[in-house]
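Chain letters run A, B, ... following the sequence lines, proteins first and then strands; every chain starts at 1. Predicted model, so just to flag it, every value in this text is computed and none were measured.
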There are 2 protein chains.
Amino acid sequence: MAVTIVENQQLMIKEKIDKVLCTQTEPEPCCPIKDIMARFGDKWSIYTILMLGKQEKLRFNELKGLIAGVSQRMLTVTLRSLEEDGLVSRTVYPEIPPRVEYSLTPLGQSLLLQLLHLADWAKLNVDQILEARARYSRKSV
Amino acid sequence: MAVTIVENQQLMIKEKIDKVLCTQTEPEPCCPIKDIMARFGDKWSIYTILMLGKQEKLRFNELKGLIAGVSQRMLTVTLRSLEEDGLVSRTVYPEIPPRVEYSLTPLGQSLLLQLLHLADWAKLNVDQILEARARYSRKSV
DNA sequence: CGGGATCCCAGAAGATACTG
DNA sequence: CAGTATCTTCTGGGATCCCG
């Protein structure tokens, strides 16, 4: 019956959730999602990854030009963080003037794919969300 | 040839990225990802969604008990935000003492599925990331 | 019980100036 | 050019008090 299929799916979802939550009550080792989300949940990481996904190799100021509104400090911080996690690689050419090129690592590329999935969801549902917001603001008037 | 297949895939990815970035240089209407990420990129939204995914209906203090470390203010703020976007529904029972139940809307459930995909990626790659971090910290000594 | 409103602080983000 | 250093500003979030 359709019901049991649905129920099975629900069960699988719950199992997955359990695994994700893991030892959430404990202080430390824990939660992959939260850790991962913290990486690219910030304001600039996503754009950085997307830009590098488009262009493969980019120098610092090229990136800065492509990401509207980012300050050079925040771009530095963002790139460092991504480099630290092995999502972005940084190549310094010891020339004068100096040249530094950034690109996605294979790991970074695989994350990009995930982000694009998420983007699909977002595009698919953005109207519903906007509608919900409008409804909400109307209600609270 | 394999090469052209890979190239085609790359092309599709770049097209997708273009769509996601859309008019990123313009100030306003823009970027679904960023908007969506801003919703659950914060500290507590994910946990809230996961918990409601597990339990269907939860009262405020039940939720507070399940999400380790959340303050009542932040839980309130988080729930309001999720409700505003139509991801969580809030049902008030006008009793004494008052009772309020929260649950995921269909939209929220579909987001949950996406988050679980992301969690799969995270679990699959968490070791690589930790390794990269270790390498990075060793390098900078 | 389930929050709303207010106050306050630490740490994140921005602007600017300087350097190898 | 690609940063680092420093200063300031802003915001997320905790603590507390209150109400229906």
Problem set entry | Contact nearer the 5' end of DNA chain C, comparing Val92(B) with Asp42(A) | Val92(B)
Seminar exercise, completed: Rounded to whole Å, the CE-P distance (Met74(B) to dA15(D)) equals 12 Å
Exercise. Has Tyr102(B) got a side-chain N or O lying under 4.0 Å from the OP1 or OP2 atom of dG3(C)?
Worked result: yes
N/O contacts under 3.5 Å, protein versus nucleotides 4-9 of chain D?
| unit_1 | atom_1 | unit_2 | atom_2 | d |
| --- | --- | --- | --- | --- |
| dT4(D) | OP1 | Arg80(A) | NH2 | 3.4 |
| dT4(D) | O4 | Gln72(A) | NE2 | 3.0 |

Problem set entry | Rounded interatomic separation in angstrom, taking CD1 from Ile67(A) and P from dG14(C) | 12 Å
For this session: Specify the separation, in whole Å, of atom CG of Leu75(B) and atom C1' of dG12(D).
Result: 15 Å
Exercise. Rounded to the Å, how far apart are Leu58(B) CG and dG2(C) P?
Worked result: 11 Å
Exercise. Is there a side-chain contact between Tyr102(A) and Val88(A), using heavy atoms and a 4.5 Å cut-off?
Worked result: yes
Exercise. When rounded to the nearest 0.5 angstrom, what is the spacing between CG in Leu87(A) and CD1 in Ile49(A)?
Worked result: 6.0 Å
Exercise. Just by distance, do the side chain of Asp42(A) and the backbone of Ser45(A) share a donor-acceptor pair under 3.5 Å?
Worked result: yes
Exercise. Which residue, Pro98(B) or Pro98(A), contacts DNA chain D at a nucleotide closer to its 5' end, judged by nearest heavy atom?
Worked result: Pro98(A)
Problem set entry | Candidates dA15(C), dG14(D), dC1(D) - which lies nearest the side chain of Ser71(B) | dG14(D)
Exercise. Any Lys/Arg nitrogen of Glu56(A) or Lys14(B) sitting under 4.0 Å from an Asp/Glu carboxylate oxygen of the other?
Worked result: yes
Problem set entry | Pairs touching residues 59-72 of chain A that satisfy side chain to side chain donor-acceptor pair (under 3.5 Å), sequence neighbours left out | none
For this session: Give the C-alpha distance, both sets of side-chain angles, the deciding distance and a yes or no for salt bridge (charged side-chain N to carboxylate O under 4.0 Å, His left out) between Arg80(A) and Glu84(A).
Result: CA-CA 6 Å; Arg80(A) 285 285 174 283; Glu84(A) 183 177 352; over 6 Å; no
Exercise. To the nearest Å, how far apart are Lys43(A) NZ and dG11(C) P?
Worked result: 21 Å
Problem set entry | Separation of atom CZ in Phe60(A) from atom P in dC1(D), rounded to whole Å | 12 Å
For this session: Establish, with yes or no, whether the OP1 or OP2 oxygen of dG14(C) is under 4.0 angstrom from a side-chain nitrogen or oxygen of Trp44(A).
Result: yes
Exercise. Quick one: Leu79(B) CG to dG2(C) P, roughly how many Å, whole number?
Worked result: 12 Å
Exercise. Roughly, in whole Å, what's the span from CD1 in Ile96(A) to C1' in dC1(D)?
Worked result: 10 Å
Exercise. Is Asn61(B) near enough to dC1(C) that one of its side-chain N or O atoms lies under 4.0 angstrom from OP1 or OP2?
Worked result: no
Problem set entry | Glu15(B)/Lys19(B) ion pair, N-O < 4.0 Å | no
